Amino acid sequence: MDIREIFELQDRAVPQNLQLFEDEFRWCRRALELTLDSHEFFRRNPEVVAYRTLLRESDGKAFVQVNVVVNLAYDAMGSLISALRLLEYGVLADTWLLMRGAFECTCYADYFARNCDGVAEFADIGERMKTDFSVNIAAELRKQGLGFDTVRQFLEKIYGQDMKQFYGRLCMYGAHASPWRPGFRIGKNEPEVRAYLSIGHRNLALCLGDYAATAKYTMGILFETWPDLMRKNETLVIRHNAFEEVYKAVFTKAQA
């Protein structure tokens with residue numbers, strides 16, 4: 001089979017998927033656009049720049065903390081941009097894989113925004129990874145008390161809700177070799193090629209709901225971590241509040 005045939009199958013799947021879940025896809029696109037705009041504001045606004053410059057000169061630890069939080073949230077946003085494109089195609093397993101990374105980055109950003117402890121160690125692991133490709137990230141994080149389970153449990157206490165089930169679903173559907181996924185990808189009467197792509201709307205609603213929940217979490221990091229700074233752009237705050245208000249109404253159907 002010519003690889004271009006697969007690309008054409010993907011292209012043909014997009015209009016149908018967008019039509020089936022027009023409101024949901026629109027919310028996801030605009031949520032990402034708001035996230036991009038808020039990061040651009042945080043990078044360029046003179047008062048925010050002055051605040052970060054002051055930290056660099058007066059409080060090195062706090063300066064590193066800000067950079068780690070912002071960069072983690074930025075990494076999450078990058079993964080979500082790519083994931084949305086795959087989601088439009090209906091490539092669900094790979095969308096969940098990217099969502100898992102985005103969710104992890106957002107959790108770490110949220111954790112470090114609330115807790116300075118471990119920021120320096122986290123940054124140091126990153127520096128060592130630049131030259132030592134044998135670094136076992138998970139093992140190093142656990143050694144510093146920064147394993148993902150530790151971070152997740154810390155946040156669960158803050159929010160009073162269980163995040164383990166949601167994270168487990170991201171792992172099961174996308175991140176690991178899964179005995180569940182082959183049956184998820186293809187039904188008895190579907191062309192075999194669909195097994196490679198997860199094309200179609202079957203289970204698209206579930207993936208859309210998980211995507212929106214992750215995007216909503218990532219979108220809120222700057223607004224919740226630095227509310228006073230973000231209020232310097234009232235338009236962004238209004239947009240953020242509006243997205244929060246319509247989220248549940250839009251995704252009731254996606255989660256049904």
Side-chain angles (χ1 to χ4, degrees), residues 23-56 59 61-84 98-116 118-119 122 151-152 154-161 163 166-167 170 208-251 254:
D23 292 340
E24 290 82 359
F25 273 111
R26 182 187 299 111
W27 188 96
C28 290
R29 286 195 302 271
R30 290 180 177 175
L32 276 187
E33 289 166 358
L34 171 58
T35 308
L36 285 163
D37 290 345
S38 63
H39 276 270
E40 186 69 7
F41 164 77
F42 206 82
R43 187 170 72 91
R44 292 182 177 275
N45 177 265
E47 293 182 78
V48 178
V49 171
Y51 167 75
R52 298 178 71 172
T53 301
L54 178 63
L55 285 183
R56 183 174 57 193
D59 190 342
K61 186 175 181 179
F63 177 71
V64 172
Q65 181 189 24
V66 171
N67 284 346
V68 166
V69 171
V70 171
N71 289 336
L72 281 166
Y74 199 82
D75 285 348
M77 179 175 61
S79 295
L80 288 171
I81 291 170
S82 299
L84 184 59
L98 286 169
M99 277 195 285
R100 178 197 184 219
F103 182 70
E104 285 186 358
C105 284
T106 305
C107 285
Y108 274 101
D110 196 4
Y111 175 83
F112 287 128
R114 301 169 183 274
N115 188 355
C116 279
V119 171
F122 186 83
V151 169
R152 175 182 56 78
F154 174 89
L155 294 172
E156 285 176 339
K157 292 179 181 177
I158 297 293
Y159 292 114
Q161 63 185 45
M163 303 168 76
F166 180 77
Y167 180 67
L170 300 184
L208 255 171
D210 287 350
Y211 181 93
T214 306
K216 177 174 172 288
Y217 189 21
T218 302
M219 179 180 66
I221 286 295
L222 296 187
F223 293 95
E224 294 176 11
T225 305
W226 296 285
D228 291 340
L229 291 176
M230 296 306 295
R231 275 195 290 268
K232 297 181 185 302
N233 188 320
E234 191 63 28
T235 300
L236 289 177
V237 174
I238 292 171
R239 286 169 64 190
H240 178 253
N241 292 339
F243 275 107
E244 292 278 355
E245 289 176 5
V246 302
Y247 169 79
K248 289 183 180 180
V250 169
F251 287 95

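Residue numbers run from 1 in the order of the sequence given. Owing to the predicted nature of the structure, the values given are computational and were not obtained by experimental measurement.
In this structure, CG on N115 lies 9.5 Å from CG on L155, to the nearest 0.5 angstrom. Atoms CE and OH, from M99 and Y211 in turn, are 8.5 Å apart once rounded to the nearest 0.5 Å. The distance from the CG atom of L208 to the CG atom of D23 is 11.0 Å, given to the nearest 0.5 Å. Between the CD1 atom of I158 and the CE atom of M163 there is a distance of 11.0 Å, given to the nearest 0.5 Å. The OG1 atom of T106 lies 6.5 Å from the CG atom of L80; values are rounded to the nearest 0.5 Å. Atoms CG and CD, on N233 and E47 in that order, are 11.0 Å from each other to the nearest 0.5 Å.
Heavy-atom minimum distance, V68 versus F112: CG1-CD1, 3.8 Å. In plain terms, the two heavy atoms of A73 and T218 that are nearest each other are O-CG2, 3.9 Å. Annotation for N45 and K232: closest pair OD1-CD, 4.4 Å, computed over non-hydrogen atoms. Between Y247 and G209, the shortest heavy-atom distance links the atoms OH-O, 4.3 Å. The two residues C105 and L72 make their nearest non-hydrogen contact at CB-O, 3.5 Å. Smallest separation of non-hydrogen atoms from K61 and C116: CE-CB, 3.9 Å.
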Stepwise side-chain contact (heavy atoms from CB on, under 4.5 Å) test for M219 and L34 | CA-CA 7 Å; M219 179 180 66; L34 171 58; 3.6 Å; yes
May I have the step-by-step check of side-chain contact (heavy atoms from CB on, under 4.5 Å) for K216 and E244, ending in yes or no?
-> CA-CA 8 Å; K216 177 174 172 288; E244 292 278 355; 3.0 Å; yes
Pair R29-E33, salt bridge (charged side-chain N to carboxylate O under 4.0 Å, His left out): steps then yes or no = CA-CA 6 Å; R29 286 195 302 271; E33 289 166 358; 5.7 Å; no
Begin from the C-alpha positions of D110 and I221 and carry the test side-chain contact (heavy atoms from CB on, under 4.5 Å) through to its verdict.
-> CA-CA 7 Å; D110 196 4; I221 286 295; 3.9 Å; yes
Dump the intermediate steps for side-chain contact (heavy atoms from CB on, under 4.5 Å) on V250 and E24, then the final yes or no.
-> CA-CA 6 Å; V250 169; E24 290 82 359; 4.1 Å; yes
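Remark: of the listed residues Y111, Y108, Y159, Y111 is the sole one forming a ring pair (Phe, Tyr, Trp, His ring centres under 6.0 Å) with F154.
Between F103 and Y217, the ring-plane angle classifies as tilted under the 30° and 60° cut-offs.
With a 6.0 Å radius and a threshold of 12 heavy atoms from other residues, nucleotides or ligands, Y74 has its OH atom at or below the threshold. By the 6.0 Å contact criterion, CZ on R52 is enclosed, its count of non-hydrogen atoms from other residues, nucleotides or ligands being greater than 12.
Between R43 and E40 a salt bridge is recorded (basic side-chain N to carboxylate O distance below 4.0 Å). Under the 4.0 Å criterion applied to side-chain N and carboxylate O atoms, R100 and E104 are assigned as salt-bridge partners.
At least one side-chain heavy atom of T214 sits under 4.5 Å from a side-chain heavy atom of F166. Side-chain contact between T225 and F42 is absent, with no heavy-atom pair separated by less than 4.5 Å. Residues S38 and M230 meet the side-chain proximity criterion, which asks for heavy atoms closer than 4.5 Å. In this structure the side chain of L84 reaches within 4.5 angstrom of the side chain of L32, judged on heavy atoms. Side-chain atoms of V70 and L222, non-hydrogen and from C-beta on, do get closer than 4.5 Å to each other.
Ring centroid separation for the pair W27 and F251 comes in under the 6.0 Å cut-off.
In this structure, the side chain of S82 does not engage the main chain of S79 through any donor-acceptor pair within 3.5 Å.
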